[in-house]
Structures are given as C-alpha cells and as structure tokens.
Amino acid sequence: MTSDPAFKSEFLRLMQTRGYIHQITHSAELDAACQAGPIVAYIGFDATASSLHVGHMIQIMMLRRLQQAGHKPVVLMGGGTTKVGDPTDKDSQRPLLTDAQIQANIDSIQAVFRRFLTFGDGPNDAVMVNNAEWLDRFGYVQFLRDYGVHFTINRMLSFDSVKNRLDREQPMTFLEFNYMLMQSVDFLELERRYGCVLQMGGSDQWGNIVNGVELIRRVDQKPAFGLTTPLLSTASGQKMGKSVGGAVWLNADMRSPYDYWQFWRNTEDADVGRFMRLFTDLSLEEIARLEALEGAQINEAKKVLANAATTLLHGEEAAKAAEAAAVAAFEQGQLSGDLPSFEIPRADLEAGVVLAALATDAGLAASRGEARRLAQGGGLRVNDKAETDANRTLDASDLVDGVVKLAAGKKKIVLVRPV
RNA sequence: GGGGGAAUGUCCCGAGUGGCAAAGGGGGCGGACUGUAAAUCCGCUGGCGUACGCCUUCGUAGGUUCGAGUCCUACUUCCCCCA
C-alpha cells in the first residue's frame, strides 16, 4: 500500500523521484499496468470557488506528468458533487452553492487546465468531464439500490472525514454523508466510460479514493487503483498555499502574475528543491545543482523556480515581466509599470484623499482602522517613506513620476495612478 | 419520554464573578534582524470618527435590571446519563 521504491514503469518512477507519492493501493499491480500500456487516470476538482488555487497545483502537475509519460489524463469537474459538498477537512457544513454559481465556477476554472494539458481526441489527449452528467440523473431509489448496497455504515463511520466531524461534536448531514458514495460512483462511471483505472488526489482524499477502488473491484471485477500525494506543507510546518494577501488563486484576474511570481519567489530555502521537482518541468540535474546553492545564493534558485512556475501558468512573457518588476522593486528600489496598480480619478486626488481611505480602497488594508494601525506600526509607506499618520491627506504633490507608490509591508506594493 | 451539560470575539481553540469591546493561546498582519528565506524578539488583530466618543458583537427570540456573555422563559443544535 505504501510506495515501493523500485518501480519499473516510467510514470511511477517519475512520480516517485519527484516526490508526488504518499500512498498507493496495489502498487505492484499498478506498476505493471503502467508498463503494459497507456492507462487512463483522473483527478476530481470541486467547483466551490471561481478559481483553483496553488493548493491544487500538485494535482494539476500530476496530470501533466501522467500525460508526459504517455498516459491519458481525465479532468473531472465536480458539477454534481459540489452540489453536495465534500465534508473532508470541513469543521462544519458550508452553505450550499446554487446550480448557477457552480456552473459559473466551472466555466471560470476550466481555462487553466489548457495551460498544463493537451486536450483532444488522441489516445493520450486529456479530456474534461463534468460529473453532473451522470450524478444529476440518478433517481433516489435507483441510486440506493445500485450503489448504496455496497457501502456499510460501519465502514463509512470509520473514515476520517466522518470521524473528525463526530469527534468535534459538529453535525454532519445525511447529504454530506453521501459525498463519498458519489465520489466512488464517479470513479466507477469513468472506468466504464473511459477505462479509467486510477484516481489520484490529496492525502485527505484517501478514504474517498479507496471506496471507489473497492466499488469498481466489487461491482465490475476490474482493476482499479488509487494514489495520493503527501499533504503539502512548507518546511517550517505552515500549510502551503497562503501568502501575503490571502489565497493564491490561479486565475490571473484574481491574483496577478506578479503576485503569483512573488509567491514562488518567497519560498523557504528548505523547500526550493522539493517545489522545483513538484511544480516545474526543470530536469532533476538542474534542480540538484540549484538546490545545492547556499546562503543568499539560493535566491537565484528561487527566481528560477518562480520563473518556471509562472511560465507554466501565465506564459513566458508574464513571467519575465513579473521578474523584471520584482528586480526593479526589490533589488534596485525602482518603480516598474508591472507592479499592481490602482486607479483613482485625477480630480479626487487633486482634491485630496485621506491616506487611510486610499490604502483601504487600493486593497492594502481591510478597513480604515486597519490602515491606521498599520501606519502606527510603521508598516505603511508612501513613496518609500514610512508614514505613521494615516489621516494625512494625499494630493497631486505626492505624485512621483505620475504615480503614488503605496506599500503595506515590504511586499505588498500598489501604484496609485490618477486617471 | 425524563435528567444533566454545552454553544463566546463571525479563521480556530478557549477563560469569563451582572459594569465587557470581553483574559490567554494558535493563526494572520506589521516592525527589528537577514538574503523579498527560516529561527528569534517586539507590536497590532470588531466597524466608523482626528479625539472625550458612537455603533455592532458572546446559538436564536423574548424578559428581569440603571446596566446582561453572565439571571429568567421559550426555541434550535450538539454531548452525556436514565427509560
């Protein structure tokens, strides 16, 4: 069940050496299947927000590796499962999304996959499916009779997603309780439609994945496998994926390429090698060389990481622009047009704007009070000068080269442009 | 069906005697130190106002009181014991 170090297939060897594997079911059997020919594997993504975030990157990269190794990736959009809501890692039930919201989220999420996978009709081209296609069609009694019989309450209660909720004395609705059945049925459905034999996912999905594997083996007597990735945390133990300014979204309109580049640039020293293996296509030799850099030199490796990761998601041009902006801002103390900017009507600025209000509107603080506290703590800067009085009024005389440079902390910088 | 407990700062955990914007953690954000790192140390952490201040918060809805997270009533949800 855990990984066998001596994989023979290219795909599993690749996964192993680059650090994607946490647990595998039937690893020898899966290894043999991967060697025998192209396999079909899938990962499901729920549509709870209008963009995926870096936390999903490891899954996306796994599908990419799969395709690189000659296999066929299936991207499963959880149009149906999102209506129920995955209780895994949730302390309490979340508000249910409407069908319209879910569809809007799916529409907005989809595009990023095209940057990482090649879609089409060929044997190892990726395909995207929405599980609403089949889940929406089930009648209640039919669902219970076809699938409900294969699951025992005894076992379902033993899964972490359920147990945690019960341990915390939080209610778990019957609706949520059914999530794992739906995910299992997804796997079965994909096995029947595409001959999909492998489901991958985060380590928190182990229980859900194993259920699907067992369902297929029981109902169709077909091979089925599961593979999970390690829970990604930074070397100092933080959950990966957050950074200055909240969730790191993949969609450019929710998180600029500049910010995305910054996220990778700010990787901890100890994580550089691991992240390069997981999140870039750099060769292992190149990575070995880069991660061996010591002291301040490792910053060069971080730039390579940031460039590679940003290029994959946003393209080379955006990555270069982000790097140039960062070099200018941090290494030369200059402005760059590529820094995030905030537009303000010229007349308003000429009339005078209270700093606290401007900083809040520009997204540097959540409220004026917060902006004020930030200023008092010495964290708010106007044109690189710390400004402790947030009640100060800014006007046209504060323009430098046509913009006002506002910064909260060292890393959150916004250029205020009069329009 | 009966009895006993629990729900707290809208991120989490968690103190709380009728005077509370509410102890303490964690997390988050800022500062110092560095290398746009880690570790460490320091500060901040409900909203609005320049300020004495005003407003909104302790499961929900009422009530008692000058004053309620704290007392009473009903309701909701969860836990435990008895049947």
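Proteins come first, then strands; the chains are lettered A, B, ... in the order of their sequence lines, and each starts at number 1.
The aromatic rings of A:H53 and A:H56 are tilted relative to each other, their planes meeting at an angle between 30° and 60°.
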Side-chain donor-acceptor distances from residues 323-330 of chain A under 3.5 Å, at least two apart:
residue: A:E323; atom: OE1; partner: A:N307; partner atom: ND2; Å: 3.2

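Here the side chain of A:R368 is nearest to one of B:A38, B:C29, B:C48, namely B:C48. Considering only side-chain atoms of A:R381, the nucleotide from B:G31, B:G47, B:U36 that sits closest is B:G31.
Look at B:C12: its glycosidic torsion is beyond 90° from 0, and that puts it in the anti range.
B:C52 sits 23 Å from B:U57 when the C1' atoms are compared, rounded to a whole Å.
Atom CG of A:L380 and atom C1' of B:C29 are 13 Å apart (whole Å). Look at CG on A:N391: it is 7 Å from P on B:A51, rounded to the nearest Å.
Side-chain contact annotation: A:Q101 with A:N105, donor-acceptor N/O pair under 3.5 Å absent.
Using a 4.0 Å heavy-atom criterion, one finds that A:E331 contacts no nucleic acid atom at all.
Under a 4.0 Å N-O distance rule, the pair A:E10/A:R65 does not qualify as a salt bridge.
Of the side-chain N and O atoms in A:R372, none sit less than 4.0 angstrom from OP1 or OP2 of B:G30.
More than 12 heavy atoms of other residues, nucleotides or ligands shown are found within 6.0 angstrom of NZ on A:K303.
B:A32 and B:U40 make up a base pair, with Watson-Crick or G-U wobble contacts both under 3.5 Å.
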Could you list the protein-to-nucleotides 33-35 of chain B atom pairs, N/O on both sides, closer than 3.5 Å?
residue: B:G35; atom: O6; partner: A:D269; partner atom: OD2; Å: 3.3
residue: B:G35; atom: N1; partner: A:D269; partner atom: OD1; Å: 3.3
residue: B:G35; atom: N1; partner: A:D269; partner atom: OD2; Å: 2.6
residue: B:G35; atom: N2; partner: A:D269; partner atom: OD1; Å: 2.5
residue: B:G35; atom: N2; partner: A:N299; partner atom: OD1; Å: 3.2
residue: B:G35; atom: N2; partner: A:K302; partner atom: NZ; Å: 2.9
residue: B:G35; atom: N3; partner: A:N299; partner atom: ND2; Å: 3.4

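Listed by chain and residue number, A:L284 satisfy the side-chain contact (heavy atoms from CB on, under 4.5 Å) test with A:T17 (two or more places apart in sequence, or in another chain).
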